[in-house]
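Atoms within a ligand are numbered from 1 in the order they appear, just like the ligands themselves. From a predicted model like this one, the values you see are computed outputs, not experimental measurements. Side-chain atoms are counted along with the backbone in the values below, which use heavy atoms only and exclude waters and symmetry mates.
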Amino acid sequence: MTVRRILFLMSDTGGGHRSAAEAITAALARQYPNRYAVTLLDVFKRAALFPLNYAPETYLPFTTYFEWLWGLGFHILNNRVATRLVSPYLYVSIVPRLRALLREAQPDLVVSTHPIFVALGYSALRQIGSRVPFVTVVTDLFDAHCFWFDPRVDLCIVPTEGAYRVAQRFGMPKEKLRVVGQPVALQFADSRITQRDARHKLGLDLERTTVLLVGGGEGMGPLYDIARAIDAACLPIQLVVIAGRNKKLRERLNATQWHIPVHIQGFVTNMPEWMRASNVIITKAGPGTICEALTCGLPILLSGYLPGQETGNVTFVEQSGVGVLQRTPDAIVRTLREWLAPDNDILARYAARARELARPRAALDIATILHNLLEER
Ligand code: UDP
């Protein structure tokens with residue numbers, strides 16, 4: 001049996017693009033063992049010219065200090081005229097080296113889990129003479145940017161009906177669209193990992209209500225202030241703070257004296273265990289984290305969102321009845337206190353609704369779609 005090569009175009013701008021690619025990779029290995037050799041290519045890092053090759057490193061400072069500019073940029077560029085204006089710059093910065101990398105990799109299928117690499121990736125692939133299929137896996141739930149949608153691709157897989165409508169608005173033909181769900185790692189749905197087992201494994205108190213505080217792969221947002229406010233309120237909980245790749249935040253958290261049990265982590269590779277161990281998650285409105293939390297049946301307290309692609313996620317969480325947005329540490333503490341009150345059944349309601357909304361099979365379904373696409377050829 002020939003092993004076929006699948007190349008994912010992604011980048012560590014945040015954690016979601018890699019998580020999606022890894023979830024599909026694991027699902028392919030589960031469903032079709034030894035049939036696929038998968039490579040993840042961080043296109044900004046490996047193919048782009050300066051300064052775009054620093055995009056993964058500058059994503060956190062940029063989105064933190066210039067959040068408003070990010071939102072403005074998202075809206076200004078979210079139409080075909082504006083993207084046509086910036087495309088030549090992106091093209092010159094990325095495509096020549098990407099072509100060389102594609103030639104070297106000789107993939108049988110290319111999948112982009114990053115909006116910037118859809119049109120560029122497709123063009124580069126065809127320019128080297130390859131006719132292999134190109135698939136887009138959209139990782140934004142609602143306000144997906146028009147960069148995601150190029151009608152030339154063979155298939156475009158979207159996570160929600162909302163993203164499907166956006167895709168159509170940007171000219172994606174219906175027959176190339178599939179609504180499948182956000183691919184999340186299979187372990188998030190593994191009900192054999194009980195809350196107690198996860199707490200035991202992670203060295204947490206087995207009985208204490210556990211609140212998980214995260215800010216995407218980069219540890220974005222005012223996580224330190226939120227942790228301090230929760231600590232000062234002396235709620236009867238244990239707090240887990242996952243700082244992701246944000247080293248400064250981690251150091252600051254480690255240098256602080258806490259009054260409640262606080263567990264501080266950097267970038268973890270076992271997020272399913274941390275979520276399974278928890279009762280509530282506090283997070284920015286990252287699509288990956290939201291869908292993982294739904295799969296684990298976790299009520300979601302949103303602490304913020306990146307204007308632009310994450311705005312619609314807030315509406316989704318609030319309107320679906322799985323959580324609320326509170327933008328200040330004080331409001332977050334007030335909400336937590338309310339949710340944790342002994343006679344309040346809101347957490348149970350949110351948790352049940354989260355499980356209803358989850359699409360834990362999305363990664364497996366996408367693996368099947370990719371496999372069938374290759375078999376058809
Ligand atoms: N993540 C992780 N380890 C960490 C922090 C985050 O694996 O220490 C993962 C998280 O589980 C999710 C992704 O990073 O899959 C974050 O994606 P999301 O879309 O929520 O936000 P982004 O970081 O892309 O802005």
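When the heavy-atom distances from atom 2 (C) of ligand 1 to Tyr305, Trp274, Phe267 are ranked, the shortest goes to Phe267.
Using a distance-only test at 3.5 Å, with no hydrogens or angles considered, a donor-acceptor pair links the side chain of Thr210 to the main chain of Arg208.
Interface of Gly266 with ligand 1, defined as ligand atoms under 4.0 Å from a residue heavy atom, comprises 8 (O). Near Pro287, with a cut-off below 4.0 Å to any heavy atom, the atoms of ligand 1 are 19 (O), 20 (O). Atoms of ligand 1 found under 4.0 Å from any heavy atom of Gly15, numbered from 1 in the order shown, are 13 (C), 14 (O), 16 (C), 17 (O), 22 (P), 23 (O), 24 (O). Interface atoms of ligand 1 facing Ser19, defined by a heavy-atom separation under 4.0 Å, are 9 (C), 12 (C), 13 (C), 14 (O), 15 (O). In the vicinity of Glu292, heavy-atom distances shorter than 4.0 Å reach the ligand 1 atoms 10 (C), 11 (O), 12 (C), 15 (O). Below 4.0 Å from some heavy atom of Gly244 lie the following atoms of ligand 1, by number and element: 8 (O).
Atom 24 (O) of ligand 1 has as its closest protein heavy atom Gly16 N, 2.8 Å. Nearest protein heavy-atom neighbour of atom 1 (N) of ligand 1: Met271 CE, 3.8 Å. Nearest protein heavy-atom contact of atom 21 (O) of ligand 1 is Lys284 NZ, 3.5 Å. Here the heavy atom of the protein found nearest to atom 18 (P) of ligand 1 is Gly288 N, 3.7 Å.
Aromatic ring pairs are classed by plane angle as parallel below 30°, tilted from 30° to 60° and perpendicular above 60°; the pair His17 and His114 is tilted. Ring geometry, Phe147 versus His145: the interplanar angle falls under 30°, so the pair is classed parallel (tilted spans 30 to 60°). Ring orientation note: the planes of Trp339 and Tyr350 are nearly perpendicular, at an angle over 60° on the 30°/60° scale.
The residue from Asp140, Thr136, Thr139 that alone fulfils the side-chain hydrogen bond (donor to acceptor under 3.5 Å, both in side chains) condition with Trp148 is Asp140. For the side chain to side chain contact (heavy atoms under 4.5 Å, CB included) with Gln182, the lone residue among Val138, Leu141, Val137 that qualifies is Leu141. Across His371, Gln31, Arg5, a single residue satisfies side-chain hydrogen bond (donor to acceptor under 3.5 Å, both in side chains) together with Tyr36, and that is His371.
Taking a 4.0 Å cut-off on heavy atoms, Met220 fails to register as neighbouring ligand 1. At least one heavy atom of Val268 sits less than 4.0 Å from an atom of ligand 1.
Between Tyr59 and ligand 1, no pair of N/O atoms sits closer than 3.5 Å. In terms of polar-atom proximity, defined here as any N/O pair under 3.5 Å, Ile242 makes no such contact with ligand 1.
Shown here for Ser303 and Lys284, the closest heavy-atom pair between the two residues is OG-N, 3.6 Å.
Counting heavy atoms under 4.0 Å from ligand 1, residue Thr289 touches it through both backbone and side chain.
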Show me the side-chain donor-acceptor pairs of residues 71-83 shorter than 3.5 Å, one per line, residues at least two apart or across chains.
{"from": "Asn78", "atom 1": "OD1", "to": "Cys146", "atom 2": "N", "distance (Å)": "2.8"}
{"from": "Asn79", "atom 1": "OD1", "to": "Val81", "atom 2": "N", "distance (Å)": "3.1"}
{"from": "Asn79", "atom 1": "OD1", "to": "Ala82", "atom 2": "N", "distance (Å)": "2.8"}
{"from": "Asn79", "atom 1": "ND2", "to": "Ile76", "atom 2": "O", "distance (Å)": "3.1"}
{"from": "Arg80", "atom 1": "NH1", "to": "Cys146", "atom 2": "O", "distance (Å)": "3.1"}
{"from": "Arg80", "atom 1": "NH1", "to": "Phe149", "atom 2": "O", "distance (Å)": "3.4"}
{"from": "Arg80", "atom 1": "NH2", "to": "Phe149", "atom 2": "O", "distance (Å)": "2.6"}
{"from": "Arg80", "atom 1": "NH2", "to": "Phe170", "atom 2": "O", "distance (Å)": "3.0"}
{"from": "Thr83", "atom 1": "OG1", "to": "Asn79", "atom 2": "O", "distance (Å)": "3.2"}
{"from": "Thr83", "atom 1": "OG1", "to": "Arg80", "atom 2": "O", "distance (Å)": "3.0"}

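Checked against the 6.0 Å centroid criterion, the rings of Tyr59 and Trp70 qualify as a close aromatic pair.
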